[in-house]
Protein chains: 2
Amino acid sequence: MNIQAHIDPSQEPSATQRAYLAIRRMILVGELPPGEKLKIEKLRSILDMGGSPIREALTLLVSDQLVERLDQRGFRTAEISPENFAEILRLRCLLEETALRESLRNSDTVWEDRLVLSHHRMMREPRSNVERFEELHKAFHMNLLSASKSPVLLRFCNQLYDLNIRYRYLAGKALNYSKRDIGKEHTDIMNAAVDRDIETACRLLLDHYRTTGAFLEKHFSAELTARTV
Amino acid sequence: MNIQAHIDPSQEPSATQRAYLAIRRMILVGELPPGEKLKIEKLRSILDMGGSPIREALTLLVSDQLVERLDQRGFRTAEISPENFAEILRLRCLLEETALRESLRNSDTVWEDRLVLSHHRMMREPRSNVERFEELHKAFHMNLLSASKSPVLLRFCNQLYDLNIRYRYLAGKALNYSKRDIGKEHTDIMNAAVDRDIETACRLLLDHYRTTGAFLEKHFSAELTARTV
DNA sequence: TATCGAAATAATATCGATATTTTTGACGGA
DNA sequence: TCCGTCAAAAATATCGATATTATTTCGATA
C-alpha cells in the first residue's frame, strides 16, 4: 500500500486510487490469477474509466510486486512459485523479527491500546467474512510492528505481507488448519508483546508464520504436482 | 530499477523508459533536490514528451521510494533526513549480509568471473568521472550478491543501494574520505568473496558500509546544523 | 506438413485537449 | 494586523483519439 492515504475521508478518491485498490484486491483474492495478462481495455470496461488511471494504478502495483511490467508489452499479474513463496516467508521472518524487536523497544501505551483493540476486532470478526477478516488480521500484525521507527522497514513488511496473503487466498478454503488454534496463537503473541517479552514474542510470531507457511507449502506443492500431470 | 530491461538493446526505449531513467538520474545526483515539487509541465518541457510517460515514470519512481505521490497534488522528490539515512544504512547491513551469505553459498565460476570483471572495471575507472564510477561501483556491489537466489531480497538491496547513493551525491565532493583506501577495501572484500570466506567477507562489507556511513552521517549533521541556523 | 514472411488485427504507448482540483492572492470584516 | 472568503490562476487528473508496436492469421514456398 504505497499510495498516500487520504487525510480527509469525506473526499472522493481519485480514479487512480479507486483503480489501484480495485485491481489490487482482485489480484490478492485471486480473481485475477497469477501470470494473467492485464489488458487495459478490459480493465477499462470493468472499472468504467479511461486508460490513464488504469495504467497508473498498474504501475503502482508494480512497486508492490503484484504486477509485472513488460516494456511495450503491457502488464501482467506476478507469477507465483514455490520458490517465491519460500523466499517471501524467509524474508518476512527476517524483517518482521527485526521490526518487532524495535517496535517492542519503542512501545508505549498508545501502541499497546492500538494493538489490543485490533486484536479484539480481529477475534470478533467471523472467519466466514474472509476479506474483512484478512483485513483485520493484517491490521493486527502490522500493529505489532507499528511502534518501530523504521518506515522503510515497515513498508517492506507491509509489502511482503500482501505478497503472502495472496498465496493464502490462492490456497483457498482447502486450508482448514487442522488442529491449530489460530485464535490462541494470536492471543499468545499479543500477550507476550504487551508484556514486552521480546524473545517470546519473536519466537511465537515466527512459529506462527512458519507453521502457516509449512501448511501452505504442502498444499501448494500438492497443487502443482496435480496441475503438471 | 524496477523497469524491465530490454532484451534487444538495438531497440528504441519507450518514452516512459527514457523519462524514468532521466528523472531517476536527476534525483540521484541531486539535480532535483529532496522535497522538490515535480511539476509535470516543467518535466515535459525538459524531456520533450507528453504528460503520460512523465506521470508513469514518476509512478515507477514511487516504488523506488525516490518520489512521493500525493493524491491529487502531484509528485515530489522524497525528503531526506538523518533518520532516513540511518535506517537505510541499518537495513542495508541486515539485507546485504543475508544476501551475501546466500550468494557465497550458491556461488559458482560464472559468478566469480562476473565479480572479478566488475571489480577490475571499477578499479580502472577514474574517480573523476563520478557518475560512471558510481555505476560501476554499484555493479560491483550487486555482483557480490548476485548468486543469491532470492530475487525479492536482491530487489530490496538494489533499492536501498540507490537510496544510499543519493546521500553520497548530496554530500558531494566535500567527502574526501581522508585516510581511507577505498580501493583496498573493495579488493579485500572481493578476495574474501572469491575465497568463499563468508565470515570475513561479511565483516569487511559491513565495515565498508558502516565506515562510509559514519563519514556521511558526520558530514550530514554538519550540513543540517549549518542550514537550520 | 512445416516454416517463413507479409498483411491484418489487436494492444500498447503517447499525445493534446478538457474537466477537476488545489493553490494563490486580493479583498473586506473583525 | 489578522483571519476567513471567494474568485482567478495554476496544476493535476482524466479522457478520447491517434501513432506505434506487438501479435496473430493466412497463404506461399520448400
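None of these values were measured; they are calculated from a predicted model. Chain identifiers are assigned alphabetically (A, B, ...) following the order of the sequence lines, protein sequences preceding nucleic acid strands; residue numbering begins at 1 within each chain.
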Q) Within 45° of the ring axis of F140(A) and under 6.0 Å from its six-membered ring centre, is that where the NZ or CZ of R121(A) lies? A) no

(Q) Within the 3.5 Å criterion, strictly below it, is a donor on R168(A) or H137(A) matched to an acceptor on the partner's side chain? (A) yes

Q. Are any of the side-chain heavy atoms of E36(A) and R76(A) separated by less than 4.5 Å?
A. no

(Q) Are L58(A) and I40(A) packed together at the side-chain level, in the sense that at least one heavy-atom pair is separated by less than 4.5 angstrom? (A) yes

Q) For every nucleotide of nucleotides 9-15 of chain D, 5' to 3': is a protein heavy atom under 4.0 Å from its base (B), only from its sugar-phosphate (S), or from neither (-)? A) --SSSBB

Q | Mutual orientation of the aromatic rings belonging to H141(B) and H186(B) [parallel < 30°, tilted 30-60°, perpendicular > 60°] | A | perpendicular

